[in-house]
Amino acid sequence: MSVTGWQKIFKFTFTQQIKQKSFIISTTLISVLIAAMVVLINILPGLISSGDEQGGGTATSFSFTKMYLVDTSDITDNTYYSELFGDIEYIGSGDASQIAGYTDTVRNGTKCMLITITENDGTYKILGMRPADNSVSIDEANAAANTVSAAFSAGRLAKLGLQPDTIATATAPVTIGQVIAGEEEQTESMFFLNMIVPMVTSMILFIMIISYGQIIAQSIALEKTSKVIELLLTSTKPLAVIIGKVSAIGLLSILQFLIFIAVGGISFAVTLPFGMGFGALAQAGNADMAQVNDAINAVFGNISPLSIVLIIVIFLAGFLFYALLAGLVGASVSRSEDLNSAMQPFAIISVLGLYLAYFPSFMVEMDTDFLQTLSYYLPLSSPFALPSAILTNKLDMAQTLICVAVLIIVTALFAVFVAKVYHRIIVHTGSRLTIKQIFGMAKETSPKI
Amino acid sequence: MSLTVNNISKKYGDFTALRGLSFELKEPGVYALLGTNGAGKSTAIRIILGMLAKDSGEVLYNGAELDPIKEKVGYLAEERGLYPKCKIVDQLTYFAELRGMKKTEITKAVDYWFDRMELNDYRDKRANQLSKGNQQKVQLAAALIADPQLLILDEPLSGLDPVNSDIFKSIINEQIAKNKYIIMSCHQMPVIEEFCSDITILHHGEAVLQGDLNEIKKSYGRVNLAVKCDGDILPIAAECGLEPTEITPELVRFKIKEEEQAKQLLKKAAAADMTIVRYELREPSLHEIFVEHITRADNAAKEARL
């Protein structure tokens with residue numbers, strides 16, 4: 001099974017595809033979209049963060065300029081809360097009769113707030129009131145009320161005679177959660193590791209496979225239906241044709257992918273001074289961003305050169321596996337209008353592979369160990385599942401190598417099968433071939449080409 | 001040099017597409033593969049080109065198994081195919097590269113064929129911007145670009161206008177003059193008669209007639225008599241035992257069993273003082289031979305079924 005001449009087919013296919021309007025338009029359009037998305041992603045966290053900081057309760061971060069506070073609880077005096085709001089004008093009172101007047105003032109005013117602390121049958125209520133013109137947001141009002149609430153709780157404990165350090169201990173924030181016994185709690189970083197990494201890595205390959213698989217199938221179907229293949233086969237072997245095409249379109253897909261990454265990277269770098277990246281936000285003290293930043297560092301900080309090589313091999317083998325399948329589908333049709341229906345099984349198989357790879361990661365609260373393991377070993381899903389498993393250290397090196405070996409061996413066997421049947425399929429005319437017929441062709445003797 | 005096709009057969013399930021086809025091109029020239037639609041011509045060509053696996057037999061070139069890629073066999077397929085959105089010059093260059101030609105050879109050959117095919121105005125046009133005839137010229141150029149010694153032309157003249165048809169014919173004649181080995185499949189019998197020395201007529205996958213076209217014709221003898229004269233020739237013809245096969249205002253045609261009948265008719269017409277305007281005694285045309293053999297084979301098959 002000689003593949004002599006595949007380089008010429010590679011060169012021609014690559015040159016023709018890269019000159020195609022559809023490639024130029026899609027690359028430009030997606031690059032613009034990526035650039036726009038990255039700009040937004042880079043700037044939005046900064047904007048979100050600034051909102052979070054406002055709600056965080058620091059004295060100078062509120063946008064309103066005047067705070068009325070009526071505390072009728074007798075727990076603290078009027079001046080107790082004045083320090084909470086820094087430079088904001090503070091008007092404190094313990095007189096319940098002033099609530100109605102302040103309420104009217106705040107309702108009709110702007111950039112001001114009223115917080116009341118009342119007691120009824122031994123229970124206390126803190127109520128934040130904001131102007132009708134919405135100059136103070138709900139989040140900001142809640143944040144102000146929370147700030148007062150925390151101070152009120154501390155005040156209550158102080159009234160009971162507790163020392164400040166004891167109060168600090170007693171009022172330290174408490175978070176709650178739940179897990180299945182024996183399992184770790186899902187932190188932000190673990191969420192990132194378990195969901196985002198598999199999703200991103202598998203989606204990248206999936207998009208490449210679906211879009212470029214279609215191009216490969218179309219290209220081969222075009223050659224067959226336009227009868228160009230008959231001319232090609234007098235100059236080169238069928239396997240060289242498919243190898244040349246798959247490798248050219250594969251390189252094109254990688255090139256396009258690199259263009260997207262470069263555009264994204266450049267957009268990020270250019271907009272960094274104007275926005276706040278994850279790292280900058282983490283440094284600025286945003287806890288959520290810090291966790292995400294830690295997770296990113298955990299993923300990308302642990303990549304060894306061997307892991308990078310393995311991931312590249314997996315991507316290439318996975319792409320080759322699906323590209324050969326797409327080539328086979330393209331070769332099986334005799335009329336170009338049959339291609340879309342012929343591609344349906346290809347799409348279903350690749351979606352199944354993607355789901356199998358992604359589903360166990362998504363269903364973190366279900367017992368999906370078997371599915372997860374299956375997804376690593378099954379060549380349909382392993383190209384989607386293995387890169388994230390390597391990045392997140394879910395597999396040890398021995399298991400990883402076995403999975404990669406299985407993928408490579410099955411892809412090689414599939415390539416041999418494709419080579420055996422391709423020369424028959426490509427010259428077959430008439431009705432569309434069934435899967436049974438294609439398997440039958442593999443048993444027949446081959447022509448000496 | 002010689003091409004030997006020896007007993008090649010091909011079955012698709014229960015259907016026999018080709019049964020024991022053998023022929024030989026001992027000398028340069030054009031060999032005709034004829035047959036009705038579905039007779040097995042394309043199957044035979046695809047087997048010779050190595051595109052289809054044969055169930056039995058062999059295809060030898062100079063005594064060894066033919067490797068169409070190594071021998072750079074030129075092939076003009078019956079169903080034309082070019083990349084629709086690709087420039088013609090790029091396509092010809094690509095096909096030449098696939099034939100293993102060097103860059104300088106390619107430039108020279110591409111320029112030559114653009115000139116020869118009168119396609120210079122279309123160099124940078126896409127295939128889908130060309131007429132059918134011009135696309136066909138590009139494909140013939142692609143088949144010939146590497147100057148192959150062995151050429152297979154499947155319906156080379158179908159769909160061509162008279163001008164382009166003449167260009168193709170002159171190119172085929174040039175190839176013959178260059179001592180090329182050419183297999184031609186064609187439904188236009190006059191074209192076969194113009195170019196081909198040997199023929200095979202295929203029917204239902206089997207060769208029903210093979211050999212040197214001139215010998216075949218000679219073997220029939222001059223059995224077609226066409227006569228035009230001033231008077232009524234039919235009574236005289238009846239005296240000679242001849243029944244007309246066709247009567248037109250121009251002439252009357254007869255099928256004779258032996259040349260003596262024709263001579264008798266001529267003598268009697270002269271004796272009757274008729275002016276003979278036209279008297280033609282000729283061998284059967286390839287068309288007639290073809291139809292006769294196909295009909296005979298069909299009748300034999302019918303009888304066998306009964």
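Computed from a prediction, not measured in an experiment: that's the story for all the values here. Here is the naming used below: chain letters follow the sequence lines, and residue numbers restart at 1 for every chain.
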Task: Residue pair A/K11 / B/E97: nearest heavy atoms and the distance that separates them - done: NZ-OE2, 3.3 Å
- [ ] Count the heavy atoms belonging to other residues, nucleotides or ligands that lie under 6.0 Å from NZ of B/K26, then report whether that count exceeds 12.
- [x] no
Open item on the list: If I measure from the heavy atoms of chain B, does A/Q7 come under 4.5 Å with its side chain, its backbone, both, or neither?
Closed with: neither
Task: OG1-CG distance between A/T234 and B/L76, expressed to the nearest 0.5 angstrom - done: 10.5 Å
- [ ] Quick one: closest heavy-atom pair of B/L98 and A/G5, and the distance?
- [x] CD2-O, 4.3 Å
Open item on the list: Please report the interatomic distance NZ(B/K85) to OG(A/S22), rounded to the nearest 0.5 Å.
Closed with: 7.5 Å
Task: Minimum heavy-atom distance between B/A142 and A/L231, given as atom pair plus value - done: CB-CD2, 3.9 Å
TODO: Measure across A/K8 and B/Y94 and return the closest heavy-atom pair with its distance rounded to 0.1 Å.
DONE: O-CE1, 3.6 Å
Task: For the student: nearest non-hydrogen atoms of B/G81 and A/V228, plus distance - done: C-CG2, 3.5 Å
Open item on the list: Working to the nearest 0.5 angstrom, can you tell me the gap between B/Y83 OH and A/S219 OG?
Closed with: 7.0 Å
- [ ] Check whether A/Q16 gets within reach of chain B through its side chain, its backbone, both or neither, counting any heavy atom under 4.5 Å.
- [x] side chain
TODO: Decide if atom OH of B/Y122 counts as having more than 12 heavy atoms of other residues, nucleotides or ligands within a radius under 6.0 Å.
DONE: no
- [ ] Look up atom OG1 in B/T93 and atom CZ in A/F12, then write down how far apart they are to the nearest 0.5 Å.
- [x] 9.0 Å
TODO: Against chain A, work out which of B/I152, B/V73, B/D90, B/I47 has the most heavy-atom pairs shorter than 4.5 Å and name it.
DONE: B/D90
TODO: Mind listing the closest non-hydrogen atom pair of A/L233 and B/I69 along with its distance?
DONE: O-CG1, 4.2 Å
Open item on the list: Distance check, rounded to the nearest 0.5 Å: B/Q139 atom CD versus A/E230 atom CD?
Closed with: 10.0 Å
Open item on the list: Does any backbone or side-chain atom of A/I229 lie under 4.5 Å from a heavy atom of chain B? Answer side chain, backbone, both or neither.
Closed with: neither
TODO: Please say whether more than 12 non-hydrogen atoms of neighbouring residues, nucleotides or ligands are located less than 6.0 Å from CZ in B/R116.
DONE: yes
Task: Residues A/K227 and B/E78 bridged, charged N to O under 4.0 Å - done: no
Open item on the list: I'd like to know whether CD of B/E27 has more than 12 heavy-atom contacts from other residues, nucleotides or ligands below 6.0 angstrom.
Closed with: no
